[in-house]
Amino acid sequence: MAFEGLADRLQSTIKKITGKGKVSEQDVKEMTREVRLALLEADVNFKVVKDLIKRIKERAVGQEVMESLTPGQQVIKVVKEELTALMGGEQSKIAVADRPPTVIMMVGLQGAGKTTTTGKLANLLRKKHNRSPLLVACDVYRPAAIKQLKTLGSQLDMPVYSLGTEANPVDIATQALEKAKADHHDYVIIDTAGRLHIDTDLMGELSEIKAQVKPDEIFLVVDSMTGQDAVNVAESFNEQLDITGVILTKLDGDTRGGAALSIKAVTDKPIKFAGMGEKLDQLEPFHPERMASRILG
Ligand code: GDP
């Protein structure tokens with residue numbers, strides 16, 4: 001399960017301080033040192049760790065004592081609040097266009113889980129929000145991608161708009177939007193092409209699609225298993241496309257958690273959902289506070 005190592009370390013660190021009736025500056029110093037090491041080991045971005053530790057120290061030393069908590073518990077509370085804030089604070093929702101359909105563009109590198117997540121998101125929108133999405137196959141470079149989306153569409157009993165591999169992705173997206181309006185779909189989810197690495201052709205194409213369909217959301221799908229790389233990928237995509245949110249996949253795997261803990265701080269874009277498995281119902285809203293509680297035990 002994700003964050004196991006981090007959770008173990010942080011929990012044993014905070015155990016030492018929880019029961020304390022008095023917390024000295026030295027205690028805080030020792031605890032933050034441990035927290036810092038645990039976070040770095042979990043592959044959290046160096047600068048993010050530095051800022052976080054600074055804030056924890058400032059708040060933990062010299063804070064007002066609340067009667068209901070021991071000083072030790074209070075320090076833990078600060079750590080939890082800061083971890084929550086680091087991951088984005090309040091859980092943010094999906095945009096709804098003033099005039100339907102709401103357009104969502106899914107972007108990301110190949111293998112991140114973009115196509116699967118397109119299906120999962122459509123499933124969630126229908127199940128939880130009673131929406132009727134149209135899926136759009138814009139990855140024309142990988143014939144298997146279109147087939148994969150169509151398979152997901154038939155599993156979900158949902159329409160998939162495709163013009164095969166010969167058409168231009170910008171045209172496909174544009175025409176899909178018209179189709180969605182005509183057929184009264186309230187969401188359009190566009191599965192765009194991925195590449196193994198970020199390249200200018202890909203970004204150019206994604207920018208063109210963006211300019212044409214004016215999406216309400218651009219979700220970057222990143223693989224949480226790739227740690228710091230995921231953060232770098234998020235930074236690049238955000239610079240080029242001004243994404244609106246991130247979906248972290250494979251959080252069910254043995255990830256060290258660094259991506260989840262750094263992406264919001266580095267991009268200032270919220271993590272909106274987390275992929276927790278390969279199945280179509282394994283996409284969950286990302287709750288920073290719950291995640292922080294899970295990590296701290
Ligand atoms: P794309 O190239 O970005 O479209 O990636 P795919 O959607 O084809 O996914 C790549 C692989 O990751 C597939 O084997 C998916 O089943 C798997 N995958 C996607 N999301 C998750 C997840 O949240 N957890 C796990 N364990 N596997 C996932």
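We count ligands from 1, going down the list as the structure has it; atoms in each ligand are counted the same way.
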Evaluate side chain to side chain contact (heavy atoms under 4.5 Å, CB included) for T267 paired with F237, printing each intermediate quantity in order.
-> CA-CA 10 Å; T267 63; F237 271 83; over 6 Å; no
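- The contact set between ligand 1 and K114, taken as ligand atoms under 4.0 Å from a residue heavy atom, comprises 1 (P), 3 (O), 4 (O), 5 (O), 7 (O).
- Listed by atom number, the atoms of ligand 1 under 4.0 Å from M276 heavy atoms are 23 (O).
- Those atoms of ligand 1 with a heavy atom of Q148 less than 4.0 angstrom away are 6 (P), 7 (O), 8 (O).
- Shortest contact from atom 7 (O) of ligand 1 to any protein heavy atom: T116 OG1, 2.5 Å.
- For ligand 1, the polar-atom distance check against A112 finds a nitrogen or oxygen pair separated by under 3.5 Å.
- Of the N or O atoms in T117, none lie within a sub-3.5 Å distance of an N or O in ligand 1.
- Side-chain contact of T244 with E217: a donor-acceptor pair under 3.5 Å is present, judged by distance alone.
- With ligand atoms numbered from 1 in the order given, ligand 1 contributes 3 (O) to contacts under 4.0 Å with heavy atoms of L109.
- Not a single heavy atom of G108 lies less than 4.0 angstrom from ligand 1.
- For ligand 1, the atoms closer than 4.0 angstrom to any heavy atom of G275 are 23 (O).
- Using modelled atom types, one finds a donor on one side chain and an acceptor on the other under 3.5 Å when comparing Y141 with E205.
- Going from atom CE of M276 over to atom OG of S224 covers 9.0 Å, rounded to the nearest 0.5 Å.
- With 3.5 Å as the limit, one finds a donor-acceptor pair spanning the side chains of T115 and D191.
- Regarding atom 17 (C) of ligand 1, its nearest protein heavy-atom neighbour is E278 OE1, 3.9 Å.
- What sits closest to atom 2 (O) of ligand 1 on the protein, heavy atoms only, is G111 N, 2.7 Å.
- For the residue pair S24 / D27, a side-chain donor-acceptor distance below 3.5 Å is found, with atom types taken as modelled.
- Looking only at heavy atoms of the protein, atom 24 (N) of ligand 1 is closest to D252 OD1, 2.8 Å.
- Residues K47 and D51 are paired through a salt bridge, judged by an N-O separation under 4.0 Å between the basic side chain and the carboxylate.
- With F273 as reference, L124 is the one residue of V221, L248, L124 to meet the side-chain contact (heavy atoms from CB on, under 4.5 Å) rule.
- Under the 4.0 Å criterion applied to side-chain N and carboxylate O atoms, E81 and R59 are assigned as salt-bridge partners.
- Near R142, with a cut-off below 4.0 Å to any heavy atom, the atoms of ligand 1 are 2 (O).
- At a 4.0 Å cut-off, not a single heavy atom of G194 sits close enough to ligand 1 to count as contact.
- Proximity to G277 (heavy-atom distance under 4.0 Å) selects the following atoms of ligand 1: 21 (C), 22 (C), 23 (O), 24 (N), 25 (C).
- Heavy-atom separations between G253 and ligand 1 are all 4.0 Å or longer.
- Contact annotation: Q282 has no heavy atom less than 4.0 Å from any atom of ligand 1.
- Counting heavy atoms from C-beta on, the side chains of L52 and L83 come closer than 4.5 Å.
- When only non-hydrogen protein atoms are considered, atom 19 (C) of ligand 1 lies nearest to G113 CA, 3.8 Å.
- Protein heavy atom in closest approach to atom 20 (N) of ligand 1: K120 NZ, 3.8 Å.
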Evaluate the side chain to side chain contact (heavy atoms under 4.5 Å, CB included) criterion for residues K210 and D242: first the C-alpha distance (whole Å), next the side-chain angles of each, then the deciding distance (0.1 Å), finally the verdict.
-> CA-CA 10 Å; K210 177 185 173 183; D242 192 17; 3.9 Å; yes
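- When all heavy atoms of A122 and P133 are compared, the pair lying nearest together is O-CG, 3.8 Å.
- Nearest protein heavy-atom contact of atom 18 (N) of ligand 1 is K250 CE, 3.9 Å.
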